[in-house]
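Quick caveat: nothing in here was measured; it's all calculated off a predicted structure. Note on naming: letters A, B, ... go to the chains in the order of the sequence lines (proteins, then strands), and numbering restarts at 1 for each one.
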Amino acid sequence: MSLLPFFGAAGRALLAQRERVIGINRRNVTLVYPNNPRHHYPYADDKLLAKRCFDAAGVPSPETLAICEGLFAVPGVVEGLRGKGQFVVKPANGSGGGGILVVGEWDEAEGAWRRAGGRRVTPDQLQRHLGDIIFGVHSNQLEDAAFVERRVVPHPLFSGLWADGLCDIRIITLRTHPVMSMIRVPTAESAGRANLHQGGLGIAVDLETGRTTRAVHHGRAVELHPESGAPLVGLQIPGWPDVLDVARRAAGAVPLGYLGIDVVLDLERGPLILEINARPGLEIQNINAAGLGPAIARAERG
Amino acid sequence: MQISHSQKVGLTLAILIATSLGLMGWKVRNLGYSLKDVLPLTQYEVTYALDFDGHGDDVRVRSFLPSNDARQTVTEERDLSSGLHLTQVMDGANRVATWSGAEVPDRARIVHTFKVLPHRVAYTLPADLPVPDVYPPSAAPFLRPEKEIQVDAPEIAETLKRIRAGEGTVLERLTRIFDLTHGLQGRPFKGTTDALTALRLGEASCNGKSRLFVALARAGGIPARLVGGLIMERGSKRTSHQWVEAWVAGHWVPFCPTNGHFAELPERYLTLYYGDETLFRHTSDINFSYQFETRKALVPSPKAKASFTFFDVWGLFDRLKLPFSLLRTILMLPIGALVVVLFRNVVGMPTFGTFLPALLAAAAGSTGALWGVVAVAIAVGAVALARWGIQRLEILHSPTLAILLAAVVFTLLTTTLLAERFGVEPLTRVTLFPIAVLAICAERFYLSLTEHGGATAGKELLGTLFVMLACHVVMNSLALQVLVIGFPEVIFLVIAADIYLGRWVGMRLSEYRRFRALLFEAKP
């Protein structure tokens, strides 16, 4: 079938490795389609629906402070938030982090909330932002719902990696079995996004122990944070069995079989599910320097 | 018994392939479809471009236009000359065209175009055919001398005797005359050479050799005539050509002593007139110059059209007077989409959607691939600029797209206006590019730009253009087009290929690069 065997040992090694690495076609045909029926995608795409499933199953996720499912609800929600602080506004069906507004403490003197970088957001601006989300500005659809979550206070291990926002742990699960995991760290270069293609850092986490084994920046293995110089390899994620347990239970709470589960470690509440993804990316293989194939095979054996 | 998923897929594939091949086989065996008819023919588009200065006076230009005969089919004839009146009369077998006008200004131009589907002809002359004593009245006049074809000159008689072309069979005489005239030195001389001069000089251009051939044939008792025409080659030229025909057992058999064609004529010879005529006659003193421009294109063979009768969409389009180009565009779209699937799922090249490159290629079928690229570049440029202008207004998605469409329309029209003003004629054609396809392209580009950023959108744009060019090449393959039109069940094979690719789990070419560290480098 392939000419590769004729290129000798290197060719055979390539063939052997090729069986381990999962490409997009193989992910879709052998993992996504059989395990994630399309009509169940909303459980992953709609963050509110997913949160309801998690709540029903007792899976911890950031506390929901308010939900706006129509323009009529916006003024009441903004009034209810006045005087409170440390929350995050999100679109239920947003993608790529669009429309997420992170709000700090309430400043009574100014009648506004503080934001990172000394900026302010007034109740009027918040009202407008909620309206935009409901009109689908951030989700490319005609209408959407907005919800407000309590802001996660990250565990010092994670705030040490990136102080201005959240690092999450991505765990791939197949029918509730964890398969591979990594930490995604935003950088100043990636403009605060945990996107690995835009300069974010990926740190491989050993599934057995919860220790970080290697880190990758721009496709190259690194030992230290490229901006802060902090060490990245050999870190122990606290309460790792709990993290895996929460991920397993989250995977069991929705009718989707192959998932990318994003977990954050809250200082007080421990592991919380941030969101789930029904078509998790394949870059995790490059971060872990290992193909998903053997791990998937192990998970399928149970 | 439970049927597994892969069995279902395999069964579907088998049914599709069997249906397709079965139908094709049945049509070839029982309906007489012929695959060799599928091969396209070369059609030539010839333009006469005649330039002259009328000096404000009356002008007449007379020439010959080609007629339909067994060797050439002339279609889509159009006269694009302004200010001159064209009249046509038949003079024997010749179609004589006269353009006339009053108060014709300087730098006037006659433009006349037509398309020709020529065929090669070759005759086998019987070796033992004797020269007849009497010819029918239609052939007899072609034995007489003419002013520049001196049949009864003593030198012609001597030469005839010397080469023994006055004795033996028709084949022997014609062979000897052909060898003599073909053996004369060539001469790049544009004027007229009569038969005797050609003989005396021992060298001549095409018309001298042909006149000598005719003179010798007539003297040797075989009716012969001059033929004037054009050797069709891509590009422009200022030379016409002359060759001869000899009357053999009721047939006018062609010979070209200049280029060595004996009793045969290649496809690219276009016959314009018979007899010792001048191709152009015109009012004197008008600085007359002429040029022939020839373009080549492949067209479906008429035989294919006639033989494809089952599920005859071709005939249907003919009856509804819909253009062939529309039919081929529609039928080639599934094949174009398959090309896109190959690029996306096997190569891993990102594009705007699955249909768009194929649609763009179909749209570019009428304007040419280059103008497709230009039109897309203009549309995408307009979108990028408009988005830059309106993103700070933070308006909703659908109205934004509506504004972008307006920007695309406005940019296209402005481009055409400017192109016309500055005389960049080809650029005016971008407006011909179907706006619906461009609008979809603009929308996809905008979505990609907002969701994934400029780098990704740019990559997808380049991928789209590249795959569009690939689709253009495949979808414009005429043999493939005629195959699909004659055997539309080929689409079942395309669907089978789509299903196969839809279950194909191999790694995309781009992923060998993406995971190169995992695939090629030694593990730590």
- Under 6.0 Å from the CZ atom of A:Arg115, do we count more than 12 heavy atoms belonging to anything else shown? yes

- Task: Look up atom CZ in A:Arg18 and atom CD in B:Glu511, then write down how far apart they are to the nearest 0.5 Å.
- Result: 11.5 Å

- Could you note down all residue pairs passing salt bridge (Lys or Arg N to Asp or Glu O under 4.0 Å) where residues 488-510 of chain B supplies at least one of them, sequence neighbours left out? B:Lys27-B:Glu489

- Message: Please classify the contact between A:Arg220 and chain B as side chain, backbone, both or neither, with a heavy-atom cut-off of under 4.5 Å.
- Response: neither

- Message: Using modelled atom types and a 3.5 Å cut-off, is there a donor and acceptor pairing between side-chain atoms of A:Asn286 and backbone atoms of B:Arg514?
- Response: yes

- Task: Inspect the surroundings of CZ in B:Phe410 and state if more than 12 heavy atoms from other residues, nucleotides or ligands are less than 6.0 Å away.
- Result: no

- Working to the nearest 0.5 Å, report the span between CZ of B:Phe515 and CD1 of A:Ile22. 9.5 Å

- With A:Asn35 via side chain to side chain donor-acceptor pair (under 3.5 Å) - residues at least two apart: A:Arg175

- Query: A:Asn25 and B:Asn345: which non-hydrogen atoms are nearest, and at how many Å?
  - Reply: ND2-O, 2.7 Å

- Message: Looking at B:Arg392, I'd like to know if its CZ atom is crowded, meaning that more than 12 non-hydrogen atoms belonging to other residues, nucleotides or ligands lie closer than 6.0 Å.
- Response: yes

